[in-house]
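Below: one structure, written as structure tokens.
Naming: A, B, ... by sequence-line order, numbering from 1 per chain. These values consider heavy atoms only, across backbone and side chains, with no hydrogens, waters or symmetry-generated copies. Remember, predicted model here, so these are calculated numbers, not experimental data.
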Protein chains: 2
Amino acid sequence: MDIQLKRGMLDACVLAAIKNEDSYGYKIIKDLKPYVVLSESTLYTILKRLEAARMLTVRTAEHDGRLRKYYHITEAGLRRIEEFKEEFKEVISIYQFVTKEDVHHE
Amino acid sequence: MDIQLKRGMLDACVLAAIKNEDSYGYKIIKDLKPYVVLSESTLYTILKRLEAARMLTVRTAEHDGRLRKYYHITEAGLRRIEEFKEEFKEVISIYQFVTKEDVHHE
DNA sequence: ATGGAATACATCATATCACGAGGTATTGTG
DNA sequence: CACAATACCTCGTGATATGATGTATTCCAT
């Protein structure tokens with residue numbers, strides 16, 4: 001998938017991935033894979049960004065002797081998802097413009 | 001509208017704007033305004049890019065003593081639009097993932 | 001007739017961001 | 001014992017949308 005087209009959807013994807021249940025980096029990537037492939041470097045960049053924007057909080061926990069950083073969505077994060085849904089209406093309208101069939105002029 | 005969300009749609013928008021009829025910069029911006037607002041600097045960047053990718057050709061013509069650069073879509077440009085339509089299916093599937101309601105676990 | 005809006009083009013510097021390359025460390029498996 | 005998988009991280013790069021800025025002409029209201 002075109003990188004540019006992904007942009008603007010990735011933040012919402014990551015937030016959606018932790019919406020129902022706290023999750024951690026490696027799991028988020030696997031959960032998103034069927035819908036959108038993103039590399040680790042991309043994910044960690046996004047997680048940092050979302051944390052800075054206070055759309056999620058982080059908690060470190062041990063699991064089988066390995067550290068995991070669990071991400072939890074905040075109110076702002078949930079609002080971001082709603083915002084995305086609103087904006088997507090515009091995306092649809094743009095799509096309709098692009099796919100609109102020729103009006104034949106004579 | 002979020003800048004990031006626009007990305008990846010703009011090229012297709014501009015191509016769609018000249019698909020039915022050759023057009024020029026100023027007119028493209030006005031035609032797209034109801035769907036997506038883009039500045040002149042953005043448009044000219046895109047037009048340059050699309051020209052370099054041979055998705056459109058340029059012809060300069062005089063109109064009321066003023067020069068206009070008319071852009072004409074090529075086969076590659078039309079193909080790009082079709083490609084966009086295909087990719088949009090993935091966009092929809094991502095949207096559905098994001099808006100998917102909670103599956104309540106117990 | 002004069003000034004400002006509209007038309008029409010263009011360049012440049014900047015900020016955002018996805019990603020590959022590379023790194024560390026542990027656990028599970030053939 | 002080596003290699004995949006798990007799990008985290010940083011840095012440099014390239015793509016790109018945009019504001020600021022510039023040039024020049026035409027149209028229109030005062």
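- Applying the ring pair (Phe, Tyr, Trp, His ring centres under 6.0 Å) test to residues at least two apart or on different chains, the pairs with a partner in residues 48-79 of chain A are A:Tyr24-A:Tyr70.
- Summarising the geometry, the separation between CG on A:Leu43 and P on D:dT6 is reported as 15 Å, rounded to the nearest angstrom.
- One can place NE2 of A:His63 at 18 Å from P of D:dA5, the figure rounded to the nearest angstrom.
- For the pairing with B:Gln4, the side chain to side chain donor-acceptor pair (under 3.5 Å) check across A:Glu87, A:Gln4, A:Arg7 returns one residue only, A:Arg7.
- For B:Lys30, the NZ atom sits in a loose shell: 12 or fewer heavy atoms of surrounding residues, nucleotides or ligands are nearer than 6.0 Å.
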Does the protein touch nucleotides 15-28 of chain C at the base, only the backbone, or not at all? Give it as B, S and - per nucleotide, heavy atoms under 4.0 Å. -BBSBBB----BS-
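- Remark: A:Tyr24 is in phosphate contact with D:dA7, judged by side-chain N or O atoms under 4.0 Å from OP1 or OP2.
- Between A:Arg68 atom CZ and D:dA5 atom P the separation is 17 Å, expressed in whole Å.
- Between the A:Thr60 side chain and the A:Lys69 main chain, no donor and acceptor come within less than 3.5 Å of each other.
- Taking atom CD1 of residue B:Ile28 and atom C1' of nucleotide D:dA17, one finds them 17 Å apart after rounding to whole Å.
- In this structure, CD of A:Glu62 is placed 13 Å from C1' of D:dA7, rounded to the nearest angstrom.
- Side chain of B:Lys6 to main chain of B:Val37: a donor-acceptor pair is present (N/O by atom type, distance under 3.5 Å, no hydrogens or angles).
- Atom-to-atom, CD of B:Glu51 to C1' of C:dC9 comes out at 14 Å; the value is rounded to the nearest Å.
- Protein atom NZ of A:Lys48 is 12 Å distant from nucleotide atom P of D:dC8, rounded to whole Å.
- Not one N or O on the side chain of A:Thr42 forms a donor-acceptor pair closer than 3.5 Å with the backbone of A:Leu38.
- Between A:Tyr26 and the phosphate of D:dA5, there is no side-chain N or O to OP1/OP2 separation shorter than 4.0 Å.
- B:Ser93 places no side-chain N or O within 3.5 Å of a backbone atom of A:Tyr35 that could act as its donor or acceptor partner.
- OP1 or OP2 of C:dT7 lies within a sub-4.0 Å distance of a side-chain N or O belonging to B:Lys30.
- OP1 and OP2 of D:dA7 both lie 4.0 Å or more from every side-chain N or O belonging to A:Lys27.
- With rounding to whole Å, B:Leu67 atom CG is found 13 Å from D:dT23 atom C1'.
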